[in-house]
Amino acid sequence: MLMKTKTVVIFGASGAIGSETARVLAREGAHVFLVARNREKLERVANDIRSAGGIAESRVIDVFDERSVLEQTAKMAQQTGGIDVVVNATGFMHDQGKRLAELSLAEFRQGFDPFLTALFTISKAVVPYMGGEREGVIITVVAPAGPMAIPGHLGHIVGCAGIEAFVNALASELGPKNIRVTGVRSHAISGAVQAGSYTGELFAIKAQSMGVTIEQFMEGAAQSTMLKRLPTLPQVAGVIAFLASEHARAMTATMVNVTAGATLG
């Protein structure tokens, strides 16, 4: 088992990516803490994991409440003696489609403020309980827009690029503490909308503006990739599991490209 004896905290664990990652890491032997704001969704995922023989606990935490994140993270770390892996799979609604003339400052900031705030607060909370003799790994999932140039996506592109820059900067700071910091850059994910991802609402808006169904929108996204298909939830979760494992011990300050060739690098 890749994660036997490991303690994993997944922020955004009620979402499509977070919940699938939790199931995969639990199957690999991890003690998984599921963190999000929706207790009902968290308990559903936790029950699935426990029914399959895994170890899972849920914690209702708002990542925008810094004090709560710090306090609850300390309690989780005290319970297990430290934290080995942290996965940031949080996601927030934001504008995609409006161009500069139509875009308000608040809508622009939607594309980066919540994402970077969550990443900063999570990192600050978990780092004191990671590293040293117990190697730590922080993994963040990010949309592929950072290296793109797409009209109508100003805030979103800035946010994605900012997350990737944050990963690299934090990796340089935490490397001497034996903490790796990596990320997974994923395209739209096949099956995520059906699994309840917030992107369902986001893509529905975009599909409507284009005069197509959400299924047609997703097929168009697939055809825009080199492989003519989208990554799946199990594939993205599998990459996260690899990055969290000893097989990736030489990897830090790295964004793994899981866009099926929609972006380079």
Side-chain angles (χ1 to χ4, degrees), residues 1-14 17-37 39 42-43 45-63 65-90 118-141 167 170-184 237-253:
M1 288 186 173
L2 290 175
M3 304 303 296
K4 189 175 182 181
T5 75
K6 300 291 187 181
T7 296
V8 177
V9 181
I10 301 177
F11 291 85
S14 64
I17 297 173
S19 59
E20 182 68 19
T21 299
R23 294 183 179 96
V24 170
L25 295 183
R27 285 199 299 269
E28 292 292 342
H31 179 166
V32 180
F33 285 95
L34 312 172
V35 177
R37 292 177 288 185
R39 183 181 299 277
L42 286 177
E43 280 304 312
V45 178
N47 287 334
D48 286 348
I49 291 171
R50 290 191 285 260
S51 296
I55 304 172
E57 301 181 43
S58 60
R59 297 287 186 272
V60 177
I61 304 174
D62 184 346
V63 293
D65 184 341
E66 183 176 2
R67 180 176 178 181
S68 177
V69 177
L70 292 171
E71 291 177 350
Q72 293 299 320
T73 299
K75 290 179 180 178
M76 288 185 282
Q78 289 164 5
Q79 179 180 333
T80 59
I83 298 171
D84 299 295
V85 178
V86 173
V87 179
N88 172 25
T90 57
L119 181 53
F120 173 85
T121 302
I122 290 167
S123 301
K124 187 173 181 179
V126 301
V127 164
Y129 310 103
M130 304 177 74
E133 295 183 2
R134 184 172 181 163
E135 182 185 67
V137 189
I138 300 173
I139 305 167
T140 292
V141 182
V167 166
L170 190 62
S172 70
E173 184 174 326
L174 299 184
K177 299 179 182 295
N178 197 23
I179 301 173
R180 297 189 289 113
V181 186
T182 66
V184 174
V239 170
I240 293 172
F242 169 77
L243 287 174
S245 75
E246 293 189 356
H247 298 305
R249 290 191 68 191
M251 297 176 68
T252 195

Do you know the tightest heavy-atom contact between [X] and [Y]?
X      : Y      : value
Ala125 : Leu70  : CA-CD2, 3.6 Å
Arg59  : Glu57  : NH2-OE1, 3.0 Å
Ala56  : Ile49  : CB-CG2, 3.7 Å
Arg37  : Val60  : O-CG1, 3.6 Å
Leu2   : Ala241 : CD1-O, 4.5 Å
Leu42  : Ala13  : CD2-CB, 4.0 Å

Can you tell me how far [atom2] of [Y] sits from [atom1] of [X], rounded to the nearest 0.5 angstrom?
X      : Y      : atom1 : atom2 : result
Thr80  : Ile55  : OG1   : CD1   : 11.5 Å
Leu170 : Leu119 : CG    : CG    : 7.5 Å
Phe33  : Ile83  : CZ    : CD1   : 8.0 Å
Met76  : Thr73  : CE    : OG1   : 4.0 Å
Ile179 : Arg134 : CD1   : CZ    : 12.0 Å
Thr90  : Ile10  : OG1   : CD1   : 12.5 Å

What residue among Val181, Ile138, Ile122 forms side chain to side chain contact (heavy atoms under 4.5 Å, CB included) with Val127? Ile138

Which residue in the set Val86, Leu25, Val137 passes side chain to side chain contact (heavy atoms under 4.5 Å, CB included) when paired with Val8?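 Among Val86, Leu25, Val137, the one meeting side chain to side chain contact (heavy atoms under 4.5 Å, CB included) with Val8 is Leu25.
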
Could you check whether atom CZ of Phe242 has more than 12 heavy atoms from other residues, nucleotides or ligands sitting under 6.0 Å from it?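 Yes, because the 6.0 Å sphere around CZ of Phe242 holds more than 12 heavy atoms from other groups.
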
Within a 6.0 Å radius of atom CZ on Arg50, are there more than 12 heavy atoms belonging to other residues, nucleotides or ligands? yes

[X] side chain to [Y] main-chain N or O, any donor-acceptor pair under 3.5 Å?
X      : Y      : value
Arg23  : Ala237 : no
Arg180 : Thr252 : no
Glu28  : Met3   : no
Asn178 : Gly131 : no

Side-chain heavy atoms of Ile240 within contact of Val24, under 4.5 Å: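 When only atoms from C-beta onward are counted, Val24 and Ile240 do not touch, as no gap falls below 4.5 Å.
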
Between Thr7 and Gln79, is there a side-chain heavy-atom distance shorter than 4.5 Å? no

With a 4.0 Å cut-off on N to O distance, would you call Arg67 and Glu71 a salt bridge?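 Salt bridge: yes.
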
For a salt bridge (Lys or Arg N to Asp or Glu O under 4.0 Å) check, start with the C-alpha distance between Glu135 and Lys6, then their side-chain angles and the critical distance, and finish with the verdict. CA-CA 10 Å; Glu135 182 185 67; Lys6 300 291 187 181; 5.8 Å; no

